[in-house]
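Structure record follows, encoded as C-alpha coordinates.
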Amino acid sequence: MLEIHSLEKRFGSVTAVDQVSLKIPDGQMVGIIGRSGAGKSTLLRLINRLAEPTGGQILYAGDDVSALRGRELMAWRARCAMIFQQFNLVNRLDVITNVLLGRLNYHGFASAMLKRFTPAERAFAIRALDRLDIAQAALQRADTLSGGQQQRVAIARALMQEPKILLADEPIASLDPRNATVVMDALRAINREEGITVVCNLHTLDTARAYCDRIVGMASGAVVFDGPPAELTIQAAREIYGVDGLDEALSESVTSTSIGPAPGAAGSTSAPSTRTAAA
Amino acid sequence: MSSSVATMTAAEIAALRERFPEALSVDRRRRWTHRAVAAGIVAYMAFCVWVFDITVERLFGGLGKMWIVVRSMLVWKDMASWDYLGIFQGLAETLGMAFLGTFVASLFAVVIGFAAARNVVPNRIIHHLVRRFLDLLRGVDTLIWALVFVRAVGLGPLAGVLSIMVSDTGTLSKLYSEAVENVDRKPIEGVRSTGAGNLKVYRFGYLPQVLPVFLSTSLYWFESNTRSATILGIVGAGGIGMQLSERMKVQYWDQACFIIVLILLTVAIIDTGSKWIRLNLIGRREL
(Lines give C-alpha, C1' and ligand atoms only; values in the text may rest on other atoms or scores of the structure.)
Protein backbone atom coordinates (compact mmCIF):
# COMPACT_ATOMS: atom_id res chain seq x y z
CA MET A 1 0.00 0.00 0.00
CA LEU A 2 1.31 3.39 -1.02
CA GLU A 3 0.03 6.10 1.27
CA ILE A 4 0.45 9.78 0.58
CA HIS A 5 -0.43 12.19 3.38
CA SER A 6 -0.96 15.91 2.71
CA LEU A 7 1.97 15.97 0.31
CA GLU A 8 3.06 19.42 -0.75
CA LYS A 9 5.65 20.87 -3.12
CA ARG A 10 6.23 24.57 -3.44
CA PHE A 11 8.50 26.28 -5.95
CA GLY A 12 8.89 29.75 -4.50
CA SER A 13 5.41 31.19 -4.41
CA VAL A 14 3.95 28.51 -6.69
CA THR A 15 2.41 25.45 -5.08
CA ALA A 16 2.80 22.65 -7.62
CA VAL A 17 1.39 19.92 -5.39
CA ASP A 18 -1.07 21.09 -2.78
CA GLN A 19 -2.02 18.90 0.18
CA VAL A 20 -2.41 15.70 -1.83
CA SER A 21 -3.54 12.63 0.10
CA LEU A 22 -3.99 9.25 -1.62
CA LYS A 23 -4.05 5.61 -0.60
CA ILE A 24 -3.06 3.29 -3.44
CA PRO A 25 -3.41 -0.44 -2.67
CA ASP A 26 -0.90 -2.87 -4.21
CA GLY A 27 -1.68 -3.97 -7.74
CA GLN A 28 -3.94 -1.09 -8.67
CA MET A 29 -3.69 0.73 -11.99
CA VAL A 30 -4.22 4.40 -11.33
CA GLY A 31 -4.52 7.11 -13.96
CA ILE A 32 -3.78 10.66 -12.91
CA ILE A 33 -5.41 13.14 -15.24
CA GLY A 34 -5.44 16.89 -15.49
CA ARG A 35 -4.27 19.75 -17.64
CA SER A 36 -0.59 20.34 -18.16
CA GLY A 37 0.69 22.27 -15.19
CA ALA A 38 -1.79 20.62 -12.82
CA GLY A 39 1.06 19.07 -10.82
CA LYS A 40 0.83 15.50 -12.14
CA SER A 41 4.50 15.22 -13.09
CA THR A 42 5.64 16.81 -9.88
CA LEU A 43 3.54 14.35 -7.90
CA LEU A 44 5.20 11.36 -9.60
CA ARG A 45 8.64 12.89 -9.18
CA LEU A 46 7.91 13.36 -5.49
CA ILE A 47 6.90 9.71 -5.12
CA ASN A 48 10.13 8.56 -6.82
CA ARG A 49 11.95 11.22 -4.78
CA LEU A 50 13.48 12.83 -7.86
CA ALA A 51 12.00 15.94 -6.26
CA GLU A 52 11.97 16.75 -2.55
CA PRO A 53 8.60 17.39 -0.94
CA THR A 54 8.28 20.62 1.03
CA GLY A 55 5.65 19.07 3.25
CA GLY A 56 3.69 15.90 3.98
CA GLN A 57 4.63 12.24 3.98
CA ILE A 58 4.88 9.27 1.64
CA LEU A 59 4.54 5.81 3.19
CA TYR A 60 5.09 2.49 1.47
CA ALA A 61 4.17 -0.68 3.36
CA GLY A 62 4.25 1.47 6.49
CA ASP A 63 7.79 2.81 5.89
CA ASP A 64 8.28 6.54 5.59
CA VAL A 65 9.94 6.81 2.18
CA SER A 66 9.84 10.60 2.23
CA ALA A 67 12.49 10.52 4.99
CA LEU A 68 14.92 8.14 3.27
CA ARG A 69 18.49 9.22 2.62
CA GLY A 70 21.52 7.85 0.81
CA ARG A 71 21.53 4.14 -0.01
CA GLU A 72 18.00 3.57 1.24
CA LEU A 73 16.71 6.37 -0.96
CA MET A 74 18.38 4.82 -4.01
CA ALA A 75 16.94 1.42 -3.11
CA TRP A 76 13.50 3.04 -2.96
CA ARG A 77 13.98 4.54 -6.42
CA ALA A 78 14.86 1.06 -7.70
CA ARG A 79 11.66 -0.37 -6.19
CA CYS A 80 9.58 2.41 -7.63
CA ALA A 81 10.51 2.45 -11.31
CA MET A 82 9.75 5.38 -13.56
CA ILE A 83 9.25 5.95 -17.26
CA PHE A 84 9.13 9.34 -18.90
CA GLN A 85 7.44 11.25 -21.70
CA GLN A 86 10.75 11.67 -23.55
CA PHE A 87 11.84 8.06 -22.71
CA ASN A 88 15.09 9.28 -21.07
CA LEU A 89 17.25 6.51 -22.48
CA VAL A 90 21.00 6.85 -22.87
CA ASN A 91 21.10 7.33 -26.62
CA ARG A 92 24.69 6.31 -27.14
CA LEU A 93 24.34 2.95 -25.41
CA ASP A 94 22.81 -0.10 -27.05
CA VAL A 95 19.33 -1.24 -26.15
CA ILE A 96 20.26 -4.18 -23.94
CA THR A 97 22.72 -2.08 -21.94
CA ASN A 98 19.99 0.52 -21.47
CA VAL A 99 17.75 -2.21 -20.08
CA LEU A 100 20.52 -3.58 -17.85
CA LEU A 101 20.89 -0.10 -16.32
CA GLY A 102 17.79 -1.13 -14.39
CA ARG A 103 20.12 -3.35 -12.34
CA LEU A 104 22.53 -0.63 -11.26
CA ASN A 105 21.05 -0.46 -7.80
CA TYR A 106 21.70 -4.17 -7.33
CA HIS A 107 25.42 -3.90 -8.18
CA GLY A 108 28.40 -2.60 -6.25
CA PHE A 109 30.64 0.12 -7.63
CA ALA A 110 33.23 -2.09 -9.34
CA SER A 111 30.85 -4.55 -10.99
CA ALA A 112 28.68 -1.67 -12.23
CA MET A 113 31.64 0.26 -13.69
CA LEU A 114 32.83 -2.87 -15.49
CA LYS A 115 29.30 -3.72 -16.65
CA ARG A 116 29.57 -7.12 -14.96
CA PHE A 117 25.95 -8.11 -15.42
CA THR A 118 25.18 -11.75 -14.67
CA PRO A 119 23.95 -14.21 -17.32
CA ALA A 120 20.62 -14.33 -15.47
CA GLU A 121 20.31 -10.55 -15.71
CA ARG A 122 21.15 -10.51 -19.39
CA ALA A 123 18.67 -13.31 -20.02
CA PHE A 124 16.00 -11.50 -18.01
CA ALA A 125 16.68 -8.34 -20.00
CA ILE A 126 16.37 -10.03 -23.36
CA ARG A 127 13.19 -11.77 -22.26
CA ALA A 128 11.70 -8.47 -21.15
CA LEU A 129 12.59 -6.99 -24.54
CA ASP A 130 11.16 -10.03 -26.27
CA ARG A 131 7.88 -9.71 -24.41
CA LEU A 132 7.70 -6.11 -25.57
CA ASP A 133 8.52 -7.31 -29.08
CA ILE A 134 11.82 -5.44 -29.55
CA ALA A 135 14.38 -8.16 -28.75
CA GLN A 136 15.61 -8.03 -32.34
CA ALA A 137 16.91 -4.48 -31.67
CA ALA A 138 18.87 -5.49 -28.56
CA LEU A 139 22.29 -4.59 -29.97
CA GLN A 140 21.21 -1.42 -31.75
CA ARG A 141 21.95 1.99 -30.34
CA ALA A 142 18.94 3.38 -28.48
CA ASP A 143 18.67 6.49 -30.63
CA THR A 144 18.21 4.42 -33.79
CA LEU A 145 14.79 3.30 -32.56
CA SER A 146 11.46 5.00 -33.10
CA GLY A 147 9.68 6.71 -30.22
CA GLY A 148 7.35 3.80 -29.59
CA GLN A 149 10.23 1.34 -29.52
CA GLN A 150 12.23 3.61 -27.22
CA GLN A 151 9.37 3.78 -24.77
CA ARG A 152 9.19 -0.02 -24.75
CA VAL A 153 12.93 -0.14 -24.01
CA ALA A 154 12.25 2.24 -21.13
CA ILE A 155 9.53 -0.11 -19.86
CA ALA A 156 11.96 -3.05 -20.08
CA ARG A 157 14.49 -1.03 -18.07
CA ALA A 158 11.79 -0.38 -15.47
CA LEU A 159 10.91 -4.11 -15.33
CA MET A 160 14.60 -4.91 -14.87
CA GLN A 161 14.42 -3.01 -11.58
CA GLU A 162 11.86 -5.58 -10.38
CA PRO A 163 9.80 -2.73 -8.99
CA LYS A 164 6.77 -2.81 -6.73
CA ILE A 165 5.45 0.34 -8.31
CA LEU A 166 5.77 1.66 -11.85
CA LEU A 167 5.36 5.39 -12.30
CA ALA A 168 4.67 6.51 -15.85
CA ASP A 169 4.92 10.23 -16.57
CA GLU A 170 2.95 10.97 -19.73
CA PRO A 171 4.22 7.77 -21.36
CA ILE A 172 2.27 8.24 -24.57
CA ALA A 173 2.25 12.01 -25.01
CA SER A 174 5.10 11.84 -27.57
CA LEU A 175 3.74 8.84 -29.45
CA ASP A 176 1.39 8.31 -32.36
CA PRO A 177 -1.94 6.59 -31.58
CA ARG A 178 -0.81 3.12 -32.67
CA ASN A 179 2.35 3.14 -30.58
CA ALA A 180 0.44 4.74 -27.73
CA THR A 181 -1.89 1.75 -27.73
CA VAL A 182 1.05 -0.68 -27.71
CA VAL A 183 2.64 1.11 -24.75
CA MET A 184 -0.61 1.38 -22.77
CA ASP A 185 -1.36 -2.30 -23.43
CA ALA A 186 2.11 -3.20 -22.15
CA LEU A 187 1.58 -1.17 -18.98
CA ARG A 188 -1.74 -2.86 -18.37
CA ALA A 189 -0.24 -6.31 -18.97
CA ILE A 190 2.51 -5.56 -16.45
CA ASN A 191 -0.10 -4.48 -13.98
CA ARG A 192 -2.32 -7.52 -14.49
CA GLU A 193 0.34 -10.22 -14.89
CA GLU A 194 3.07 -9.09 -12.50
CA GLY A 195 0.79 -7.40 -10.00
CA ILE A 196 2.90 -4.25 -10.15
CA THR A 197 1.11 -1.09 -9.07
CA VAL A 198 1.01 1.31 -12.02
CA VAL A 199 0.53 5.04 -11.55
CA CYS A 200 0.23 6.72 -14.88
CA ASN A 201 -0.02 10.40 -15.74
CA LEU A 202 -2.24 10.99 -18.70
CA HIS A 203 -3.64 14.19 -20.04
CA THR A 204 -6.33 12.49 -22.07
CA LEU A 205 -9.47 11.37 -20.42
CA ASP A 206 -10.37 8.47 -22.70
CA THR A 207 -7.06 6.68 -22.27
CA ALA A 208 -7.35 6.87 -18.52
CA ARG A 209 -10.92 5.67 -18.68
CA ALA A 210 -10.03 2.74 -20.93
CA TYR A 211 -7.02 1.46 -19.02
CA CYS A 212 -7.23 2.41 -15.38
CA ASP A 213 -9.05 0.91 -12.39
CA ARG A 214 -9.12 4.24 -10.72
CA ILE A 215 -8.86 7.81 -11.86
CA VAL A 216 -7.41 10.69 -9.89
CA GLY A 217 -8.11 14.13 -11.28
CA MET A 218 -5.84 17.01 -10.43
CA ALA A 219 -6.28 20.73 -10.91
CA SER A 220 -3.83 23.41 -9.73
CA GLY A 221 -1.91 20.94 -7.62
CA ALA A 222 -4.87 19.51 -5.70
CA VAL A 223 -6.87 16.30 -6.10
CA VAL A 224 -10.33 17.26 -7.33
CA PHE A 225 -11.58 13.80 -8.29
CA ASP A 226 -10.80 10.30 -7.03
CA GLY A 227 -12.86 7.31 -8.04
CA PRO A 228 -13.55 4.56 -10.57
CA PRO A 229 -13.89 5.56 -14.24
CA ALA A 230 -17.64 5.05 -14.12
CA GLU A 231 -18.01 7.87 -11.61
CA LEU A 232 -16.18 10.34 -13.81
CA THR A 233 -19.11 12.41 -14.97
CA ILE A 234 -19.00 15.28 -17.39
CA GLN A 235 -19.29 17.66 -14.43
CA ALA A 236 -16.28 16.08 -12.74
CA ALA A 237 -14.28 16.24 -15.96
CA ARG A 238 -15.19 19.90 -16.32
CA GLU A 239 -13.83 20.56 -12.87
CA ILE A 240 -10.55 18.81 -13.73
CA TYR A 241 -9.94 20.36 -17.11
CA GLY A 242 -11.86 23.59 -16.90
CA VAL A 243 -14.49 24.40 -19.49
CA ASP A 244 -11.97 25.28 -22.23
CA GLY A 245 -9.69 22.30 -21.69
CA LEU A 246 -12.38 19.64 -21.81
CA ASP A 247 -12.79 19.35 -25.57
CA GLU A 248 -9.07 19.07 -26.00
CA ALA A 249 -8.81 16.35 -23.35
CA LEU A 250 -11.53 14.39 -25.02
CA SER A 251 -10.24 14.73 -28.55
CA GLU A 252 -6.75 13.37 -27.94
CA SER A 253 -8.08 9.89 -27.60
CA VAL A 254 -6.12 6.69 -27.98
CA THR A 255 -8.66 3.95 -27.86
CA SER A 256 -11.96 5.73 -27.69
CA THR A 257 -13.44 3.10 -30.00
CA SER A 258 -12.50 0.19 -27.76
CA ILE A 259 -14.80 1.30 -24.99
CA GLY A 260 -18.40 2.32 -25.11
CA PRO A 261 -19.26 5.90 -25.93
CA ALA A 262 -18.14 7.94 -22.99
CA PRO A 263 -20.47 10.60 -21.69
CA GLY A 264 -19.85 13.72 -23.71
CA ALA A 265 -17.18 12.05 -25.85
CA ALA A 266 -18.58 13.46 -29.07
CA GLY A 267 -15.30 15.17 -29.84
CA SER A 268 -13.36 11.91 -29.68
CA THR A 269 -13.54 11.30 -33.39
CA SER A 270 -11.85 14.54 -34.33
CA ALA A 271 -8.21 14.56 -35.42
CA PRO A 272 -5.59 14.40 -32.67
CA SER A 273 -4.52 17.84 -31.59
CA THR A 274 -0.98 18.90 -32.37
CA ARG A 275 -0.57 20.49 -29.00
CA THR A 276 2.60 19.37 -27.31
CA ALA A 277 1.89 18.55 -23.74
CA ALA A 278 4.31 20.11 -21.33
CA ALA A 279 5.21 17.68 -18.59
CA MET B 1 8.29 -18.68 -16.21
CA SER B 2 10.16 -17.05 -13.38
CA SER B 3 9.27 -13.45 -12.75
CA SER B 4 12.46 -12.36 -11.02
CA VAL B 5 16.13 -12.29 -11.90
CA ALA B 6 17.04 -14.31 -8.84
CA THR B 7 14.79 -17.22 -9.76
CA MET B 8 15.87 -17.51 -13.39
CA THR B 9 16.77 -21.17 -13.90
CA ALA B 10 19.74 -22.41 -15.88
CA ALA B 11 17.35 -24.04 -18.34
CA GLU B 12 15.53 -20.75 -18.94
CA ILE B 13 18.78 -18.91 -19.49
CA ALA B 14 20.00 -21.59 -21.89
CA ALA B 15 16.74 -21.46 -23.85
CA LEU B 16 16.95 -17.69 -24.17
CA ARG B 17 20.61 -17.92 -25.21
CA GLU B 18 19.58 -20.31 -27.95
CA ARG B 19 16.98 -17.87 -29.25
CA PHE B 20 19.10 -14.72 -29.01
CA PRO B 21 22.69 -15.85 -29.52
CA GLU B 22 24.14 -12.46 -30.55
CA ALA B 23 22.72 -10.54 -27.62
CA LEU B 24 23.50 -13.10 -24.94
CA SER B 25 26.68 -14.91 -25.86
CA VAL B 26 29.94 -13.30 -24.87
CA ASP B 27 31.89 -12.14 -27.88
CA ARG B 28 35.28 -13.65 -26.98
CA ARG B 29 37.15 -12.10 -29.85
CA ARG B 30 35.96 -8.63 -28.93
CA ARG B 31 36.79 -9.19 -25.28
CA TRP B 32 40.34 -10.27 -26.14
CA THR B 33 40.74 -7.34 -28.51
CA HIS B 34 39.78 -4.99 -25.68
CA ARG B 35 42.27 -6.66 -23.36
CA ALA B 36 45.03 -6.51 -25.95
CA VAL B 37 44.42 -2.80 -26.56
CA ALA B 38 44.44 -2.09 -22.82
CA ALA B 39 47.68 -4.05 -22.38
CA GLY B 40 49.24 -2.17 -25.29
CA ILE B 41 48.40 1.21 -23.75
CA VAL B 42 49.87 0.23 -20.39
CA ALA B 43 53.01 -1.15 -22.03
CA TYR B 44 53.53 2.01 -24.07
CA MET B 45 53.13 4.18 -20.97
CA ALA B 46 55.67 2.06 -19.08
CA PHE B 47 58.06 2.25 -22.03
CA CYS B 48 57.82 6.06 -22.11
CA VAL B 49 58.42 6.34 -18.36
CA TRP B 50 61.51 4.15 -18.80
CA VAL B 51 62.90 6.00 -21.83
CA PHE B 52 62.41 9.45 -20.29
CA ASP B 53 64.01 8.19 -17.08
CA ILE B 54 61.11 9.41 -14.96
CA THR B 55 61.96 8.48 -11.41
CA VAL B 56 60.48 9.41 -8.07
CA GLU B 57 63.72 11.13 -6.95
CA ARG B 58 63.85 13.32 -10.01
CA LEU B 59 60.18 14.30 -9.61
CA PHE B 60 60.58 15.31 -5.97
CA GLY B 61 63.99 16.92 -6.51
CA GLY B 62 62.39 19.10 -9.21
CA LEU B 63 59.54 20.03 -6.89
CA GLY B 64 62.07 21.49 -4.43
CA LYS B 65 63.47 23.85 -7.04
CA MET B 66 59.95 24.71 -8.18
CA TRP B 67 59.20 25.90 -4.69
CA ILE B 68 62.02 28.45 -4.79
CA VAL B 69 60.60 29.94 -7.99
CA VAL B 70 57.05 29.93 -6.63
CA ARG B 71 58.20 31.73 -3.50
CA SER B 72 59.97 34.48 -5.40
CA MET B 73 56.85 34.82 -7.55
CA LEU B 74 54.67 35.49 -4.53
CA VAL B 75 56.84 38.18 -2.91
CA TRP B 76 56.41 41.34 -4.98
CA LYS B 77 59.26 43.84 -4.53
CA ASP B 78 59.83 47.43 -5.75
CA MET B 79 56.44 47.63 -7.33
CA ALA B 80 56.78 51.39 -7.92
CA SER B 81 59.61 50.84 -10.37
CA TRP B 82 57.79 48.33 -12.60
CA ASP B 83 57.23 49.31 -16.23
CA TYR B 84 53.43 49.29 -16.16
CA LEU B 85 53.08 51.18 -19.43
CA GLY B 86 55.10 48.53 -21.25
CA ILE B 87 53.16 45.71 -19.64
CA PHE B 88 49.72 47.10 -20.44
CA GLN B 89 50.77 48.09 -23.92
CA GLY B 90 51.96 44.52 -24.45
CA LEU B 91 48.66 43.18 -23.18
CA ALA B 92 46.70 45.42 -25.51
CA GLU B 93 48.94 44.36 -28.38
CA THR B 94 48.32 40.69 -27.62
CA LEU B 95 44.55 41.24 -27.52
CA GLY B 96 44.70 43.08 -30.81
CA MET B 97 46.78 40.35 -32.43
CA ALA B 98 44.42 37.64 -31.25
CA PHE B 99 41.33 39.57 -32.35
CA LEU B 100 42.60 40.54 -35.77
CA GLY B 101 44.02 37.09 -36.46
CA THR B 102 40.90 35.24 -35.36
CA PHE B 103 38.53 37.63 -37.13
CA VAL B 104 40.25 37.44 -40.49
CA ALA B 105 40.68 33.68 -40.15
CA SER B 106 36.93 33.37 -39.41
CA LEU B 107 36.06 35.25 -42.58
CA PHE B 108 38.27 32.95 -44.66
CA ALA B 109 36.92 29.93 -42.81
CA VAL B 110 33.29 30.71 -43.69
CA VAL B 111 34.12 30.35 -47.37
CA ILE B 112 36.64 27.51 -47.08
CA GLY B 113 34.48 25.73 -44.49
CA PHE B 114 31.62 25.47 -46.97
CA ALA B 115 34.02 24.45 -49.73
CA ALA B 116 35.49 21.72 -47.54
CA ALA B 117 32.10 20.26 -46.60
CA ARG B 118 31.24 17.06 -48.41
CA ASN B 119 27.53 17.87 -48.63
CA VAL B 120 28.24 21.23 -50.30
CA VAL B 121 31.08 20.26 -52.63
CA PRO B 122 30.50 16.62 -53.47
CA ASN B 123 33.44 16.48 -55.91
CA ARG B 124 35.88 14.16 -54.16
CA ILE B 125 39.03 15.56 -55.74
CA ILE B 126 38.26 19.17 -54.75
CA HIS B 127 37.17 18.01 -51.33
CA HIS B 128 40.44 16.14 -50.93
CA LEU B 129 42.60 19.02 -52.13
CA VAL B 130 40.90 21.53 -49.81
CA ARG B 131 41.22 19.15 -46.87
CA ARG B 132 44.94 18.51 -47.45
CA PHE B 133 45.57 22.23 -47.81
CA LEU B 134 43.86 22.80 -44.45
CA ASP B 135 45.93 20.01 -42.92
CA LEU B 136 49.03 21.86 -44.05
CA LEU B 137 47.90 25.13 -42.43
CA ARG B 138 46.88 23.37 -39.25
CA GLY B 139 49.63 20.77 -39.06
CA VAL B 140 52.29 23.46 -38.87
CA ASP B 141 51.92 24.96 -35.42
CA THR B 142 51.19 28.66 -34.87
CA LEU B 143 54.59 28.94 -33.23
CA ILE B 144 56.39 27.72 -36.36
CA TRP B 145 54.37 30.13 -38.50
CA ALA B 146 55.39 32.90 -36.10
CA LEU B 147 59.08 32.06 -36.54
CA VAL B 148 58.62 32.10 -40.31
CA PHE B 149 56.76 35.41 -40.33
CA VAL B 150 59.19 37.08 -37.92
CA ARG B 151 61.87 36.32 -40.53
CA ALA B 152 59.66 37.59 -43.33
CA VAL B 153 58.11 40.79 -41.92
CA GLY B 154 60.37 41.47 -38.96
CA LEU B 155 59.83 41.53 -35.18
CA GLY B 156 56.49 42.79 -33.89
CA PRO B 157 52.76 42.22 -33.88
CA LEU B 158 52.29 41.86 -37.63
CA ALA B 159 54.13 38.54 -37.55
CA GLY B 160 51.85 37.45 -34.71
CA VAL B 161 48.67 38.42 -36.54
CA LEU B 162 49.78 36.60 -39.69
CA SER B 163 50.73 33.43 -37.87
CA ILE B 164 47.45 33.29 -35.93
CA MET B 165 45.54 34.00 -39.11
CA VAL B 166 47.19 31.29 -41.17
CA SER B 167 47.05 28.50 -38.65
CA ASP B 168 43.52 29.40 -37.53
CA THR B 169 42.25 29.51 -41.07
CA GLY B 170 43.21 25.84 -41.13
CA THR B 171 41.62 24.96 -37.80
CA LEU B 172 38.46 27.04 -38.12
CA SER B 173 37.80 25.91 -41.70
CA LYS B 174 37.96 22.31 -40.58
CA LEU B 175 35.66 22.87 -37.60
CA TYR B 176 33.25 24.97 -39.69
CA SER B 177 33.13 22.34 -42.42
CA GLU B 178 32.26 19.68 -39.86
CA ALA B 179 29.42 21.87 -38.61
CA VAL B 180 28.21 22.25 -42.19
CA GLU B 181 28.38 18.48 -42.70
CA ASN B 182 26.30 17.88 -39.58
CA VAL B 183 23.37 20.08 -40.55
CA ASP B 184 19.86 18.78 -40.38
CA ARG B 185 18.74 17.84 -43.91
CA LYS B 186 15.08 18.65 -43.35
CA PRO B 187 15.16 22.46 -43.35
CA ILE B 188 17.49 22.37 -46.36
CA GLU B 189 15.03 20.28 -48.29
CA GLY B 190 12.34 22.67 -47.16
CA VAL B 191 14.19 25.69 -48.55
CA ARG B 192 15.08 23.85 -51.78
CA SER B 193 11.45 22.88 -52.25
CA THR B 194 10.54 26.55 -52.50
CA GLY B 195 12.60 26.86 -55.70
CA ALA B 196 15.65 28.54 -54.19
CA GLY B 197 19.01 28.16 -55.97
CA ASN B 198 22.14 26.70 -54.36
CA LEU B 199 23.48 29.94 -52.91
CA LYS B 200 20.10 30.81 -51.46
CA VAL B 201 19.85 27.34 -49.97
CA TYR B 202 23.27 27.85 -48.33
CA ARG B 203 22.21 31.21 -47.04
CA PHE B 204 18.81 30.21 -45.63
CA GLY B 205 19.02 26.44 -45.20
CA TYR B 206 22.57 26.00 -43.92
CA LEU B 207 23.71 29.29 -42.46
CA PRO B 208 21.05 29.70 -39.74
CA GLN B 209 21.90 26.18 -38.54
CA VAL B 210 25.67 26.56 -38.52
CA LEU B 211 26.02 30.19 -37.49
CA PRO B 212 25.76 29.50 -33.74
CA VAL B 213 28.48 26.86 -34.06
CA PHE B 214 30.66 29.19 -36.15
CA LEU B 215 30.26 31.98 -33.65
CA SER B 216 30.96 30.00 -30.53
CA THR B 217 33.92 28.26 -32.18
CA SER B 218 35.45 31.57 -33.18
CA LEU B 219 34.85 33.08 -29.75
CA TYR B 220 36.57 30.13 -28.15
CA TRP B 221 39.51 30.46 -30.50
CA PHE B 222 39.77 34.16 -29.78
CA GLU B 223 40.16 33.28 -26.12
CA SER B 224 42.59 30.49 -26.88
CA ASN B 225 44.62 32.75 -29.17
CA THR B 226 44.93 35.35 -26.45
CA ARG B 227 46.65 32.66 -24.43
CA SER B 228 48.84 31.41 -27.25
CA ALA B 229 49.71 34.94 -28.38
CA THR B 230 51.68 35.02 -25.15
CA ILE B 231 53.97 32.35 -26.52
CA LEU B 232 54.23 34.14 -29.85
CA GLY B 233 55.74 37.11 -28.02
CA ILE B 234 58.49 34.89 -26.72
CA VAL B 235 59.72 34.22 -30.28
CA GLY B 236 59.55 37.91 -31.12
CA ALA B 237 56.07 38.31 -32.55
CA GLY B 238 55.16 41.16 -30.19
CA GLY B 239 52.70 41.49 -27.34
CA ILE B 240 52.72 40.57 -23.69
CA GLY B 241 54.80 37.45 -24.31
CA MET B 242 57.81 39.57 -25.15
CA GLN B 243 57.41 41.40 -21.81
CA LEU B 244 57.02 38.12 -19.99
CA SER B 245 59.99 36.36 -21.52
CA GLU B 246 62.29 39.35 -20.94
CA ARG B 247 61.45 39.33 -17.24
CA MET B 248 61.82 35.59 -16.90
CA LYS B 249 65.24 35.68 -18.55
CA VAL B 250 66.53 38.05 -15.86
CA GLN B 251 64.63 36.13 -13.15
CA TYR B 252 62.21 38.91 -12.20
CA TRP B 253 59.79 36.27 -11.04
CA ASP B 254 57.52 38.69 -9.20
CA GLN B 255 56.93 40.79 -12.32
CA ALA B 256 56.49 37.63 -14.39
CA CYS B 257 53.83 36.52 -11.91
CA PHE B 258 52.09 39.89 -12.20
CA ILE B 259 51.95 39.48 -15.97
CA ILE B 260 50.62 35.93 -15.68
CA VAL B 261 47.87 37.14 -13.34
CA LEU B 262 46.97 39.84 -15.86
CA ILE B 263 46.78 37.25 -18.65
CA LEU B 264 44.54 35.02 -16.54
CA LEU B 265 42.26 37.96 -15.75
CA THR B 266 42.08 38.92 -19.41
CA VAL B 267 41.18 35.39 -20.45
CA ALA B 268 38.51 35.23 -17.74
CA ILE B 269 37.03 38.52 -18.94
CA ILE B 270 36.99 37.31 -22.55
CA ASP B 271 35.35 34.09 -21.46
CA THR B 272 32.60 35.95 -19.60
CA GLY B 273 32.17 38.34 -22.50
CA SER B 274 31.86 35.57 -25.06
CA LYS B 275 29.32 33.77 -22.89
CA TRP B 276 27.28 36.95 -22.88
CA ILE B 277 27.61 37.35 -26.63
CA ARG B 278 26.56 33.77 -27.27
CA LEU B 279 23.60 34.13 -24.96
CA ASN B 280 22.39 37.26 -26.69
CA LEU B 281 23.14 36.39 -30.30
CA ILE B 282 22.36 32.70 -30.29
CA GLY B 283 19.76 32.49 -27.56
CA ARG B 284 19.67 30.37 -24.50
CA ARG B 285 18.53 27.13 -26.11
CA GLU B 286 21.72 26.23 -27.92
CA LEU B 287 23.89 26.49 -24.82
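For clarity, every value in this text was computed on a predicted model and none was experimentally measured. All chains are named by letter (A, B, ...) in the order of the sequence lines, taking the proteins before the strands, and each is independently numbered beginning at 1.
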Side chain, backbone, both or neither: which part of A:E162 has a heavy atom under 4.5 Å from chain B?
side chain

Checking B:R29 against B:W32: charged group under 6.0 Å from the ring centre and within 45 degrees of the axis?
no

Chain B interface, residue from A:R103, A:E193, A:E194, A:Q136 that has the most non-hydrogen pairs under 4.5 Å
A:R103

Any idea which of A:P119, A:A125, A:A128 has the most non-hydrogen atom pairs under 4.5 angstrom with chain B?
A:P119

Looking at A:E72, I'd like to know if its CD atom is crowded, meaning that more than 12 non-hydrogen atoms belonging to other residues, nucleotides or ligands lie closer than 6.0 Å.
no

Going by heavy atoms in the side chains, are A:N98 and A:F87 under 4.5 Å from each other?
no

Between A:L129, A:I96, A:I126, A:D94, which has the largest tally of heavy atom pairs under 4.5 Å with chain B?
A:I126

Ignoring hydrogens and geometry beyond distance, is a side-chain donor-acceptor pair present between A:Y211 and A:D185 at under 3.5 Å?
yes

Who passes ring-ring contact (aromatic ring centres under 6.0 Å, His included) against B:H127, sequence neighbours left out?
none

If one checks every heavy atom of A:A138 against chain B at 4.5 Å, the contacting part turns out to be side chain

